[in-house]
Number of protein chains: 2
Amino acid sequence: MSSDNPKRKLFSHFAALARVLGNEHRLELLELLAQGAQPVEVLTARTGISFANVSQHLQQLRKAGLVTGGRRGKNIVYRLQDGPVVEAVSALRALAEHNMAEVRDVVARYFDEIDSLEPVGAGELLSRLESDSVTLLDVRPADEFRSGHIPQARNITLAALEGRISELPEGREIIAYCRGPYCVLSFQAVEALRARGFAVRRFKEGFPEWKAAGYPVETA
Amino acid sequence: MSSDNPKRKLFSHFAALARVLGNEHRLELLELLAQGAQPVEVLTARTGISFANVSQHLQQLRKAGLVTGGRRGKNIVYRLQDGPVVEAVSALRALAEHNMAEVRDVVARYFDEIDSLEPVGAGELLSRLESDSVTLLDVRPADEFRSGHIPQARNITLAALEGRISELPEGREIIAYCRGPYCVLSFQAVEALRARGFAVRRFKEGFPEWKAAGYPVETA
DNA sequence: AGTACATTCAATAATTCTCTTGAATGATCC
DNA sequence: GGATCATTCAAGAGAATTATTGAATGTACT
């Protein structure tokens, strides 16, 4: 009834946007791009999705205005478009965690089991950094670290962690972070470091959420 | 790579949830349910979608944990499940408005044209209500008003507005609101009242957003 | 108990989405 | 200028999604 033509049109656009978010590969691509711009090649390698398929997904993301692609040398580099992309995905995640029984199950069974300690929120992390009372560990790949990270963070890839463990000061709490709240890297880092007797907690979110919330970011 | 089994599983759930949001009819049903619980019958009438189809969409929403359905007398009444449903849809809308060119077009062409005045935000509305310096008009159907509205609001349906226009005090600003930011009812009310010389503005959002933000709500 | 009513279920056709394959484009490098 | 490389395009098979129809369920009313 009431033949709301323009509202209907808007809702259909909103739905189309939700469908763009409604694919696990595209969500993963968005997560990667939220760490920093990347050429298609790297996205292919890092996700394990086939080349042409990544390209097609990127195209859908671009058509929806979520990413932009530009040529840099031989590669076409995609980056997140300005706008509340991270926020929208976070809202989706929050809804899923709250309302979907299966999601609560996976989180409880898998993640809470590895790390039962309460993770550190952004506000607390910031004040701990300001008082210099904590060592912050970024376990993402080096290029993602380079294109943006939380100030004072040290970048030690998970693969390199075993070998460089002596670089970490003892007797000081370590906080580890990663791409997002369920990035497995930081969970594994926490597990590995705890086994060596370090006091480690995870940052509750990841770099993109930190940045989207307006906290300071360092590039180098 | 990195075979993130549990993260992949979560992402696939997030994507599934996004797909549930990725249908205009379901978005519309959610908007209606955000006004208050309704039996399938009313949802059918109010959306114009066929009966069986509404039922199937509701089932998908229920399976995703976004709504619950319970029998009340002869009817089965659906209501929004607890959780950040309104917030997620709002985030989706914000993203669409910011990043999708087509959405910006529709908004500019259609909505901004009818009402070029800056709408009133929630904070301002609250303080205007507290100082009793404004008449608040709820143009939704009576049953939606009854199951929850902004305090001090008067309910005059759009259809009844012409006939009851004398009830509105003159020389006092009117603020109209509705189901959500793009609910056409409030735009039409604004248009009709302005034609009669009233000073009218719209509330920027709708009742569900007001409620979800934690502002006071009246039921009667 | 039986009828009426609101809703769901089941089956189907039409449409859309996804991935794969192989060819096409377009920039770089020698 | 030709070879090479990264990416996109185009086509097609397979799967999922959607709306419609008509039957099935289960509660309420008399």
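These values consider heavy atoms only, across backbone and side chains, with no hydrogens, waters or symmetry-generated copies.
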Could you pull out every donor-acceptor pair under 3.5 Å between side chains of residues 58-74 of chain A and any protein atom, sequence neighbours left out?
unit_1, atom_1, unit_2, atom_2, d
Gln59(A), NE2, Ser55(A), O, 2.8
Gln59(A), NE2, Ser55(A), OG, 3.4
Gln60(A), OE1, Arg26(A), NH1, 3.4

Which donor-acceptor pairs under 3.5 Å do the side chains of residues 75-82 of chain B make with protein atoms, sequence neighbours left out?
none

Cut-off 3.5 Å, no hydrogens considered: what does the side-chain donor-acceptor table look like for residues 115-122 of chain A, sequence neighbours left out?
unit_1, atom_1, unit_2, atom_2, d
Asp115(A), OD1, Leu117(A), N, 3.1
Asp115(A), OD1, Arg194(A), NH1, 3.4
Asp115(A), OD1, Arg194(A), NH2, 3.1
Asp115(A), OD2, Arg202(A), NE, 3.1

Determine all donor-acceptor pairs shorter than 3.5 Å in which one atom belongs to a side chain in residues 211-220 of chain A; sequence neighbours excluded.
unit_1, atom_1, unit_2, atom_2, d
Glu218(A), OE1, His149(A), NE2, 3.2

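A close approach under 4.0 Å does occur between a side-chain nitrogen or oxygen of Gln60(B) and OP1 or OP2 of dT18(D). An OP1 or OP2 oxygen of dC17(C) is reached within less than 4.0 angstrom by no side-chain nitrogen or oxygen of Asn23(A). At the phosphate of dA6(D), neither OP1 nor OP2 sits under 4.0 Å from any side-chain N or O atom of Tyr78(A). An OP1 or OP2 oxygen of dT17(D) is reached within less than 4.0 angstrom by no side-chain nitrogen or oxygen of His57(B).
Rounding to the nearest 0.5 Å gives a distance of 8.0 Å between CZ of Phe145(A) and CZ of Arg140(A).
Checked against dT7(D), dT7(C), dC17(C), the side chain of Val40(B) finds its nearest nucleotide in dT7(C). Looking at the side chain of Gln59(B), the nearest of the listed nucleotides dC19(C), dT8(C), dT18(D) is dT8(C). Considering only the side chain of Asn75(B), dT7(C) comes nearest among dT7(C), dC9(D), dC17(C). The side chain of Phe51(A) approaches dA6(D) more closely than any other nucleotide in the set dA6(D), dC9(C), dT7(C).
Residue-level contact check: Glu24(B) touches neither bases nor backbone, having no heavy atom under 4.0 Å from any strand.
Residues meeting the salt bridge (charged side-chain N to carboxylate O under 4.0 Å, His left out) test with Asp143(A), sequence neighbours left out: Arg46(A). Residues passing the salt bridge (charged side-chain N to carboxylate O under 4.0 Å, His left out) test with Glu209(A), sequence neighbours excluded: Arg93(A). Every residue meeting the salt bridge (charged side-chain N to carboxylate O under 4.0 Å, His left out) condition with Arg154(B), not counting sequence neighbours, appears here in chain and number order: Glu167(B). Residues that satisfy the side-chain hydrogen bond (donor to acceptor under 3.5 Å, both in side chains) test with Glu205(A), not counting sequence neighbours, are absent from this structure.
Among pairs with a residue in residues 13-23 of chain B, none fulfils side chain to side chain donor-acceptor pair (under 3.5 Å), at least two apart in sequence or across chains.
As a whole-Å value, the separation of Leu61(A) CG from dC17(C) C1' is 14 Å. Taking atom NZ of Lys63(A) as the reference point, atom P of dC9(D) lies 10 Å away to the nearest angstrom. Whole-Å rounding puts the Ile76(A) CD1 to dA24(C) C1' distance at 14 Å. As a whole-Å value, the separation of Leu21(B) CG from dT18(D) P is 12 Å. Whole-Å rounding puts the Leu58(A) CG to dC9(D) P distance at 12 Å.
One end of the helix from dA1(C)-dT30(D) to dC30(C)-dG1(D) points its axis 30° away from the other end's axis, with each axis taken from 5 pairs and the angle rounded to 10°.
Summary of the strand contacts: Ser55(B) and Arg26(A) both lie near DNA chain C, and taking for each the nucleotide with the nearest heavy atom, the more 5' one is attributed to Ser55(B).
The salt bridge (Lys or Arg N to Asp or Glu O under 4.0 Å) with Arg179(B) is formed by just one residue from the set Glu28(B), Glu31(B), Glu144(B); it is Glu144(B).
Only at 4.0 angstrom or more do the heavy atoms of residues 30-37 of chain B sit from any atom of DNA chain C, so none qualifies.
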TODO: Treat primed atoms plus P, OP1 and OP2 as sugar-phosphate and everything else as base, then score nucleotides 21-30 of chain D 5' to 3': B for base contact with protein heavy atoms under 4.0 Å, S for sugar-phosphate contact only, - for none.
DONE: B-----SS--

